[in-house]
Structures are given as C-alpha cells and as structure tokens.
Amino acid sequence: MGKKYAKIIINSESISLDREFTYIIPEKFFDVIAIGYRVKVPFGAGNKKVQGFVVGFCDEIDFNPKFAKEISEICDDDPLFGSSELELINFMRKEYLCKYIDAIRVFLPTGIIRGNSLKKKSVVKINSSMIEYSIYFEKYKDVLEQIKANDGMYTKTELNKILGISTYKINKLFSENLLIADELIMDRANQREYMTYERKDLTLQQRKVVSDIIHSEEKIFLLKGVTGSGKTEVYMNLVENMLNKNKTSLVLVPEISLTPQMIERFKGRFGKDVAVFHSKLSDGERFDEWNRVKNNSVKLIVGARSAIFLPFKDLGLIIVDEEHEGTYKSEQNPKYSIRDIAEFKSRQCGCKVVYGTATPAVETYYRALNNEIGLVTLEQRVDSSPMPNISVVDMREELKSGNRNIFSRELYNALKENLQRKEQSIIFLNRRGFSTFVSCRSCGYVFTCDSCDISMTYHKNGYLICHYCGKTKPQPKTCPKCGSKYVKYFGAGTEQIENYIRNTFQDARVLRMDVDTTRKKNSHEEIYNKFKNGEADILVGTQMISKGLDFPNVTLVGIVAADITLNLPDFRASERGFQIITQVAGRAGRGEKEGRVILQTYNPEHSSIKFASQYNYNDFFKEEISLRNIMNYPPFGDLLLINISGSKEGLVKKYSLEIGNYIQKNILGTDDIQILGPCACTVQKIKDQFRWQILIKGKLNEFIKNNIRIWVYDIIKDVYNEIRVSLDVNPNSLL
Ligand SMILES: Nc1ncnc2c1ncn2[C@@H]1O[C@H](COP(=O)(O)OP(=O)(O)OP(=O)(O)O)[C@@H](O)[C@H]1O
Ligand SMILES: [Zn+2]
C-alpha cells in the first residue's frame with residue numbers, strides 16, 4: 001500500500017496559506033505521485049480547484065479524517081522538482097524568511113503554470129521497412145529520394161513549399177504507407193551562429209590556477225585576478241575539464257544582456273551545446289532551455305542569477321563571474337544571495353564553486369583570508385603588460401584655475417590625442433540623462449517626482465524624468481513656487497557628456513550606452529558591435545560599460561565624476577566605489593598598446609579613490625574590514641532590514657513604531673543585537689508608497705530571525721491589505 005496522505009503547498013501569495021495542507025491520495029495516483037508534482041486540489045468551503053505542489057507524505061493526519069479531501073488531478077508528466085530541490089527550498093525559507101511558495105517558484109520554468117509546453121512539429125519520414133515491397137516505389141522514386149535526403153526534417157507543408165512536392169503525391173505516399181509521420185521537438189532558443197573563439201595556450205599563472213582548482217580537496221575558491229588577467233580562459237579550461245568527465249558546468253554572469261562578450265566567447269568555443277538562460281528569453285525559449293538541462297542534453301549553461309535553479313544533472317562546476325556584483329543578490333522573494341545557493345549546492349552534490357573577480361566583495365575576501373574558502377590569484381595581465389596608469393585630477397583645483405567645463409584639461413588633451421592617434425576611448429559617468437536635478441535659482445525649489453521622493457532628471461528631449469518610476473513632466477519654463485524664470489540644470493549626465501563631446505570634437509564618432517539607449521531588445525549588442533568593429537572612437541556610458549569589455553584598441557578611460565557612488569548613504573558605498581573605479585579603469589590598455597586612465601574627483605583623499613588609483617586592493621580591504629568590524633557590519637554582524645510601506649503615511653509610521661517597539665521589548669537581553677530605527681527610509685516615497693525601515697544588526701541566528709518574522713506578520717495581520725512588509729537578510733543596499 002502506498003502513502004496515504006500528501007502534504008501540499010497551495011500556489012497562492014497569501015501569507016495565511018503559507019503552510020502545508022494535507023490531502024488524501026486517491027488510489028489511482030499511488031504509483032505516480034512523488035515530491036515536486038504539481039497537482040490540483042479542492043480548496044476552502046467552496047472546494048474551488050486550486051494548484052498546489054507536493055512537498056511530503058504522511059500516514060496520519062491531525063484532524064478529523066471526515067474533513068480530509070482528495071487530490072483531484074496530477075498536472076504534469078514529471079515532477080517539477082525533486083527532494084534535493086526541496087532541501088534547498090527549506091534552506092531558503094529559513095535563511096531568507098520567505099514563504100514556501102516563493103521558494104518553490106524559483107524552480108518552475110515560467111510559463112509552465114500558464115500551460116507552456118514543448119514546441120513540436122509533425123515531420124515526414126520515409127518508412128524504409130515498406131519501400132522494397134511497394135509497387136509504387138519505382139513510380140515515385142524521384143520524390144522519395146528527395147524526401148529521403150531530408151528525412152525527418154520537414155512537415156508536409158514544408159515539403160510542398162520548400163521542395164515543391166505536390167500535396168497530392170505526399171498524401172498518396174502516406175496512404176500507401178511509404179511515408180510516416182514523426183514528432184520533432186523544436187528548440188526555440190537562440191539558433192544564431194557565433195565566430196569561433198580560438199583556444200589559447202595558458203600562461204604559467206593560468207595553468208597553476210586551473211590545476212590548483214582541479215586538484216585541491218577544497219570545493220569553494222576565490223579567483224582573484226586583476227582586470228585583463230585572462231580569467232575567462234581559466235573558466236573555459238575548467239569547463240573543458242568537466243566536459244571530459246561528462247559533468248555539467250554552470251557559468252553565471254551578473255546580467256546577461258550586459259555581457260555579450262562572455263556569451264560570444266563561450267558559444268564561440270563550445271558551440272551550440274551551450275544553453276543560455278536569462279530573463280529576456282520568452283516563456284517558450286525558457287521552457288525549452290529548462291528542458292534541455294533537465295534531459296541532460298546540454299552540459300554547459302551560461303546564465304544570469306536565476307539559472308542556478310535549473311534542474312541540473314551531474315553538476316560539477318559553478319563559476320560566478322564578477323562575484324562582487326550586486327545583481328547576485330535577489331531583490332524579490334526569496335531574497336537569496338547566489339553565494340549561499342552555490343555553496344548549498346556544493347555541499348549537496350560536491351560540485352566546485354569558483355568566484356572570479358578583480359575586486360572581491362569584502363565578505364568573500366575575508367573568508368578567503370581566514371581559509372574558509374580557497375584562494376587562487378592571477379597577479380598580472382596576460383603577457384605581463386602593465387596596468388594602465390591612473391591619474392587623479394582634483395576638480396576643485398580645476399575650477400580655481402578657471403576651467404568650468406565637465407572635462408579637466410588633462411582629460412580634454414588626452415581625448416584629443418587619442419582621436420589623433422585613432423585609438424579608442426571610453427568615457428564613464430555613473431549617471432544618465434542630461435542634468436541630475438533641476439532647481440530654481442531664486443528660491444531653491446527642486447523639481448521632484450510627485451510619486452517618489454526623488455529629484456527629477458532633465459533629458460534633452462525637453463522632459464524631466466523620474467528615474468525611479470519613469471514619470472515625465474515637460475521642461476519647466478518658470479518655477480512653480482515663486483514664478484521666477486531662473487530655472488537651472490545641475491550636474492551632468494551621460495547625455496550631456498555625449499553632447500559636450502560632439503560639440504567639442506566635431507569629427508569624433510560617439511556612441512552612448514545607458515538605460516535610455518538600450519531599451520530595444522538587441523540595442524546593447526548593436527552598440528557593442530559597432531564599437532568593437534571600430535565604427536566609433538568614443539563610447540560614453542554608465543556602469544553598463546564598466547564590466548567585461550575587452551577591446552584591444554581602447555587606450556584611454558575617462559572617469560568623469562568618481563564621487564557619485566561614494567556619496568550614497570550606504571555602508572557599501574566605499575566598496576562599490578573602489579570596485580567600479582577598478583573595473584572601468586581595467587578596460588584600458590588590454591591590447592599591445594599601453595593604456596591610461598584619467599579619474600576626475602572633488603574628493604581625491606577618499607580612500608576608495610586613493611587605493612583604487614594605486615591598484616591597492618589589500619590596503620583598501622584592511623581599512624574597510626576594520627570599519628566593518630567597529631560598526632558590526634557584515635561579515636561580522638548580520639543585517640536584517642525590515643521595510644514597511646503603504647500609501648497612507650500615518651499608518652505606515654504607526655505600524656513601523658509598533659513593530660519596532662515589539663522587537664525592542666522582546667529581543668531584550670540579547671545584547672549583541674542592535675535595533676536601528678524605526679525611521680523613514682532615505683528615499684521616503686517610491687511610486688506613491690511611503691517607506692519606513694527598521695534595521696536589525698548583530699548575530700542573528702535562525703531562531704531570532706524566525707521569531708521576528710512571526711512577530712512582524714502577527715502585528716500587521718489586520719492591515720495586510722494596506723501595509724506591505726519586506727524582510728531582507730543582508731540586503732544589498734540600505735537606501
Ligand atoms: N593564455 C593567453 N594567451 C593569450 N591571450 C590570452 C590568454 N588568456 C587570455 N588572453 C586574452 O587576454 C585578454 C583578457 O582576458 P579576459 O577578458 O579573460 O580578462 P579578465 O581576467 O576576464 O578581465 P576582466 O576582469 O577585466 O573582465 C583577452 O583578450 C583574452 O583573449
Ligand atoms: Zn517617480
């Protein structure tokens with residue numbers, strides 16, 4: 001006799017349904033049912049059929065069996081996840097305080113709930129067993145040979161259209177049993193061809209790194225390699241090693257559309273057998289890639305964050321490229337961090353994990369120094385070519401000597417020289433649009449978004465745009481507060497830089513890459529290809545151009561205002577600043593010719609700028625880690641950010657205070673935990689939602705975290721429609 005009852009998680013957003021429900025397994029499902037099946041069950045008083053997922057079994061129930069209901073239907077041929085995924089689901093629930101269903105959903109190919117399925121076509125095949133016996137063989141020989149040459153490739157219609165065979169003949173041959181139909185599964189995902197990416201002979205350093213990773217007992221590694229040190233080639237060798245052992249590799253990149261080079265290289269080396277997985281795929285394409293992985297028909301997957309939840313078979317290696325990037329932390333439930341998940345998988349299946357970067361996250365490097373994870377390094381660029389020299393320009397001095405331009409004289413001259421030498425330049429500014437804010441010079445009024453607590457940015461098309469919600473307002477002629485005509489635009493954005501360059505260097509061919517120029521599906525790649533093919537001299541852009549680009553002819557990088565990231569009220573601001581400067585600077589001098597970097601700042605003494613301009617990660621790290629220690633920030637203390645939001649400001653405040661007080665009272669006695677707030681967030685309003693926060697800092701074990709979650713949801717249970725609460729463990733940003 002099979003199991004009696006199944007434990008089901010209902011596919012619903014509601015927090016009150018976030019628990020297991022027990023259902024009777026009808027006899028007809030005894031042999032089939034397993035963990036991870038999607039089922040339909042009658043639910044509630046009306047017995048409405050709802051979807052759910054099987055997460056366990058039991059032989060007894062703790063309520064009157066009279067009230068037990070039966071599972072009505074099993075939805076798919078196969079389960080959507082297995083018991084090892086279930087372990088990870090439970091890990092995420094505890095670690096990130098998310099709902100059961102949130103953790104389940106990451107494993108489902110989007111679209112399956114909406115009824116997506118494999119795309120198949122019915123193709124025509126020769127029935128070879130019949131041919132010799134048929135009297136029609138001679139008569140239709142020509143046609144049969146034509147079809148045989150394309151056996152199983154075309155549908156009836158295609159045979160007619162492409163090969164010009166009449167429908168009458170095809171049907172005749174079917175009726176004589178000389179032709180038969182077969183189903184062909186189509187792969188909707190990218191079918192494009194890529195240029196071959198040649199193998200390189202590894203340098204000594206690279207060879208050592210590869211061999212250390214393969215032969216060590218250690219499972220988790222930090223590969224710290226300066227920009228241009230050839231980390232990609234190391235990844236490829238590790239992947240090859242796995243392919244030889246018939247094991248699967250996953251290569252994660254921060255954001256797939258921003259890293260065309262990575263896909264180009266992997267496709268160019270390993271061909272069609274690379275699956276690419278990211279959020280821009282259509283539901284159908286995703287479903288196909290999900291299936292290719294599930295059927296073990298691809299052994300190499302390049303993807304963004306969410307690819308880690310694909311149904312791998314025999315996973316041997318996970319590479320996390322640019323591991324320091326913020327995109328590796330999910331901002332939606334479950335708010336997971338890729339490192340936790342990768343390492344969980346490594347414990348589960350023994351796969352190796354490699355974190356590659358020139359600028360490790362402070363937490364990761366700390367773990368490497370404490371021997372919690374292995375450390376391998378590439379200290380030099382390929383061919384030992386020098387790192388580009390970084391010259392720091394103090395913009396205050398520039399202003400004093402009468403230069404009011406966006407570019408310092410040094411950057412201006414360097415750009416001019418580079419244009420004359422026909423070498424390429426990259427100009428980086430971490431801010432899009434034309435001006436960052438618009439304000440009245442008479443009364444100081446700043447134009448802000450009505451829905452968000454944020455100043456609006458002027459764009460050259462004559463509109464002010466809110467970069468949070470996208471709302472626009474026509475360019476103001478007068479100040480709405482005092483009526484003055486003196487409305488002024490402050491702070492440059494990428495659009496203004498582009499404009500400035502076009503006016504100053506009239507022959508220069510300029511491209512701009514930022515959110516505004518890359519809205520269309522392939523626009524990233526188009527800009528990237530144009531610059532790569534030398535169709536432009538200067539590429540202006542935001543952080544989109546800061547990572548992964550490898551163009552040998554780029555010899556100058558200009559960083560227009562290094563301070564933007566540094567001044568954010570966030571404990572990671574210095575780290576981010578250091579990383580971004582190092583990454584952008586690393587785009588210069590990657591070919592034969594030496595590169596140089598000009599970094600403009602109003603704050604040259606800032607440690608991020610000082611150390612980044614000397615390529616001194618170690619001293620930067622020392623300073624940062626001691627600050628983190630004093631302040632009890634990660635990796636020393638954990639953070640739990642509780643964000644409370646809603647459209648009624650008073651209500652948001654009231655419940656924030658209530659939650660804050662309750663936690664304060666109940667956590668008393670655990671003195672290594674600190675509660676900051678409640679207070680309004682730095683950005684107080686987004687899309688008409690008022691925002692408050694409470695930050696809890698310290699040693700947060702599973703027990704405390706879970707208690708906090710229970711308290712919070714209990715306090716807001718009566719206002720659940722009006723107040724939204726988000727819990728984020730070790731959040732990326734505190735804004
Ligand atoms: N062994 C090698 N021999 C010759 N060229 C190599 C070798 N390894 C890598 N290269 C080349 O060196 C360049 C830099 O390599 P790659 O782009 O992998 O650097 P990276 O370490 O990923 O840098 P970044 O962190 O800046 O992205 C590439 O053009 C690559 O083709
Ligand atoms: Zn807005």
Side-chain angles (χ1 to χ4, degrees), residues 194-211 213 221-241 251-256 258-270 302 319-325 327-328 354-361 364-365 376-388 390 424 426 428 528 531-534 539 541 543-555 557 559 578-595 597 612 615 617:
Y194 285 83
M195 280 239 299
T196 322
Y197 185 64
E198 296 295 337
R199 288 191 58 123
K200 312 246 174 344
D201 288 329
L202 293 191
T203 62
L204 246 149
Q205 284 192 78
Q206 286 172 322
R207 217 174 308 149
K208 178 160 186 335
V209 165
V210 170
S211 139
I213 293 175
F221 288 89
L222 168 62
L223 163 56
K224 181 170 177 286
V226 297
T227 54
S229 56
K231 294 186 282 293
T232 319
E233 205 59 40
V234 168
Y235 302 158
M236 289 184 162
N237 271 263
L238 293 172
V239 167
E240 245 164 32
N241 181 270
V251 178
L252 291 168
V253 293
E255 208 180 317
I256 213 114
L258 303 186
T259 36
Q261 204 149 23
M262 206 60 164
I263 297 176
E264 198 177 86
R265 287 181 176 177
F266 274 91
K267 287 258 187 191
R269 175 80 49 93
F270 298 102
V302 180
I319 287 166
V320 183
D321 186 37
E322 311 283 8
E323 68 88 30
H324 61 279
E325 281 290 332
T327 46
Y328 284 126
V354 177
Y355 300 128
T357 175
T359 50
T364 310
Y365 196 56
V376 285
T377 53
L378 292 171
E379 314 266 358
Q380 282 188 329
R381 284 193 161 176
V382 178
D383 296 335
S384 308
S385 50
M387 298 305 288
I390 303 181
Q424 290 178 302
I426 286 180
F428 169 80
Y528 161 83
F531 196 62
K532 181 183 169 189
N533 299 335
L539 177 63
Q543 72 263 37
M544 279 187 190
I545 61 170
S546 68
K547 40 183 171 241
L549 299 183
D550 183 47
F551 301 125
N553 200 32
V554 172
T555 51
V557 165
I559 302 174
F578 181 90
Q579 286 163 346
I580 205 149
I581 293 168
T582 312
Q583 296 292 342
V584 190
R587 300 313 107 206
R590 294 169 77 96
E592 314 253 283
K593 288 166 271 186
E594 208 167 304
V597 180
Y615 297 101
Y617 179 87

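Read the numbers this way: they start at 1 and go in the same order the structure lists the ligands and their atoms. Both backbone and side-chain heavy atoms feed into the values below; hydrogens, waters and symmetry mates do not. It should be emphasised that the depicted structure is a prediction, and the values quoted were computed from it without experimental measurement.
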message: Salt bridge check, Arg199 against Glu240: does any charged N sit closer than 4.0 Å to a carboxylate O?
response: yes

With a cut-off of 4.0 Å, which atoms of ligand 1 are near a heavy atom of [X]?
| X | value |
| --- | --- |
| Arg265 | 16 (P), 17 (O), 18 (O), 28 (C), 29 (O) |
| Glu233 | 8 (N) |
| Arg587 | 24 (P), 26 (O), 27 (O) |
| Thr203 | 1 (N) |
| Asp201 | 1 (N), 2 (C), 3 (N) |

query: Under 3.5 Å, is there a donor-acceptor pair linking the side chains of Thr359 and Gln583?
result: yes

query: Any side-chain donor paired with an acceptor under 3.5 Å for Thr364 and Glu323?
result: yes

query: Hey, what's the ring geometry for Phe531 with Phe551, parallel, tilted or perpendicular (30° and 60° as the breaks)?
result: perpendicular

task: Determine whether the side chain, the backbone, both or neither of Thr232 has a heavy atom under 4.0 Å from any heavy atom of ligand 1.
output: both

- prompt: Are the aromatic rings of Phe221 and Tyr355 close, with centres under 6.0 Å apart?
  reply: no

Under 4.0 Å, counting heavy atoms only: does [X] come that close to any atom of ligand 1?
| X | result |
| --- | --- |
| Tyr197 | yes |
| Ser229 | yes |
| Gly228 | yes |

Nearest non-hydrogen contact with [atom] belongs to which option: [options]?
| atom | options | answer |
| --- | --- | --- |
| atom 27 (O) of ligand 1 | Gln583, Gln261, Arg590 | Arg590 |
| atom 11 (C) of ligand 1 | Lys200, Arg199, Lys231, Gln206 | Lys200 |
| atom 28 (C) of ligand 1 | Asp550, Thr582, Leu549 | Asp550 |

- line: side-chain contact (heavy atoms from CB on, under 4.5 Å) test vs Thr357 passes for just one of Lys231, Lys224, His324, namely His324

